[in-house]
Amino acid sequence: MPTSIDRQRLRELFSAERERYAREHPRSRELHAAADHLFGRVPMTWMNKWVGGFPLGFREAHGAIVTDLDGHDLVDFSLGDTGAMAGHSPEPLMRALTRRVGVEGGVTTMMPNEDAEWVAAELTRRFGLTRWSFTLSATDANRWLLRLARLATGRPKVLVFSYCYHGTVDETFVVRDEDGEARSRPGNAAPAVDPVSTTRVVEFNDLEALERELAYGDVAAVLTEPALTNIGIVLPEPGFLEGVRAACDRTGTLLIIDETHTFSAGPGGATRRWNLRPDAFTIGKSLGGGVPCGAYGLTEELADRVTRAAALGADIVDVGGVGGTLAGNPLSLAAMRAVLGEVLVEEAFVGMEELATTFADGVRGTIERHGLPWSVSQLGARAEYRFANPAPRDGGTSAASSDVELEDYLHLYGLNRGVMITPFHNMALMCPATTADHVTTHQRVFDEAVQTLLA
Ligand SMILES: Cc1ncc(COP(=O)(O)O)c(C=O)c1O
């Protein structure tokens, strides 16, 4: 009989944690209370996701440590939800930014420079695709690439997996409901059109359903992460990704792999680690060490198809719906060159993955010792625990296993004791500056939180 949680006790403990949080973070509280000109009192509405009634105010961050406005140091396993996977302000990044902005000068110019080709060549070396364009975010990389996929194939739709997340891309906000019907994702804020009309959706790891939906012949591209990472980590079952590639080949559908989060799988992401062969590829966040940037890559063949299709009248140079003024700016490129060239290098991933394994083993130990029906999944430098055992095999099951009360308690218990994981589900990421001591600190605090709950 798995251990169950006493809900009353959970609520009492959470309420005590909230009192402690409010007591120990007066400056953060004031910052929030005084932000009369900010919509939602935060710079971006999702910052209200932080648990505790108000978010921690930010003072500074170095390596794997964030210092809040009240002077508390926290071990940062959130790392800006992957944007800071290179660690906060690593020295090579600082050098490159200082040179770009202060010495040579010029943040945005609309002119190409040598960094662009260097970064593109490095992306080819790591991920295999040979033609690259730059964006300011992973969202834009996905958005623009979907246009190019429709242009190249002449097909109107996209296929995604239920409970995927690829940024605020309209076409991707579709799920399968309890009856297996496609529908707009709960909470989808006022979409321009019902995304069911633009998108087919199936559960991850369900090849049969994928083949059925692709058989309609109207899907330009399957857009997926190699493993879902935004509804907990949902790993692909053996043969699944090979099956997706084969189904795409059979039906003339493009395969777009989004490695924005799964870059944690290694220096060439899951694409290299699992030998995936996407037609197109997107990535963002971590590439520039937090400086806004993103990229999409095309195979030679797809680049040629897009060029040929565009020649028939689609404008991919000016106002045809692809691109942005600041995309490919020299600051982003300098940042990407520094991060790829000197920070998130091959050797760095070895240590990051070892620490993620230690992190996952520790959490697993606590779960097993207490007989909890939870599980832990790992993807290279990233680990995540989920309130389900076995680990969910698709987005729908994973969504159903979320437990907001429990999550909030564990997150706040950590924040009150110097440990930060992502405010969205229970994800922890290692950066090159993460140490064994940091992981031990998390383990001690997590174990104590669970013990206190079950006492
Ligand atoms: C897989 C994936 N793709 C794209 C995005 C969008 O990234 P951004 O919000 O930086 O555009 C995210 C964000 O979490 C993501 O997880």
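Predicted model, so just to flag it, every value in this text is computed and none were measured. Start at 1 and go down the list; that is how both ligands and their atoms are numbered.
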TODO: If the plane angle is over 60° it's perpendicular, under 30° parallel, otherwise tilted; pick one for H25 and Y21.
DONE: tilted
- [ ] Could you tell me which residues satisfy side chain to side chain donor-acceptor pair (under 3.5 Å) with T435, sequence neighbours excluded, listed by chain and number?
- [x] H438
- [ ] Please list, chain by chain and in numerical order, all residues satisfying ring-ring contact (aromatic ring centres under 6.0 Å, His included) with F134, sequence neighbours excluded.
- [x] none
Task: Pair listing, side chain to side chain donor-acceptor pair (under 3.5 Å) test, anchored in residues 347-356, at least two apart - done: R273-E353
- [ ] Determine whether the side chains of T198 and E171 contain a donor N or O and an acceptor N or O closer than 3.5 Å.
- [x] no
Please tabulate, line by line, the atom pairs linking an N/O of ligand 1 to a protein N/O at a distance below 3.5 Å, with the distance in Å to 0.1, or answer 'none'.
| unit_1 | atom_1 | unit_2 | atom_2 | d |
| --- | --- | --- | --- | --- |
| ligand 1 | 3 (N) | D258 | OD1 | 3.4 |
| ligand 1 | 3 (N) | D258 | OD2 | 2.6 |
| ligand 1 | 11 (O) | A138 | N | 3.4 |
| ligand 1 | 11 (O) | T139 | N | 2.9 |
| ligand 1 | 11 (O) | T139 | OG1 | 2.6 |
| ligand 1 | 14 (O) | K285 | NZ | 2.8 |
| ligand 1 | 16 (O) | N230 | OD1 | 3.4 |
| ligand 1 | 16 (O) | N230 | ND2 | 2.9 |
| ligand 1 | 16 (O) | H261 | ND1 | 3.3 |
| ligand 1 | 16 (O) | H261 | NE2 | 3.3 |

- [ ] Specify whether F204 and F161 have parallel, tilted or perpendicular ring planes, treating 30° as the upper limit for parallel and 60° as the lower limit for perpendicular.
- [x] perpendicular
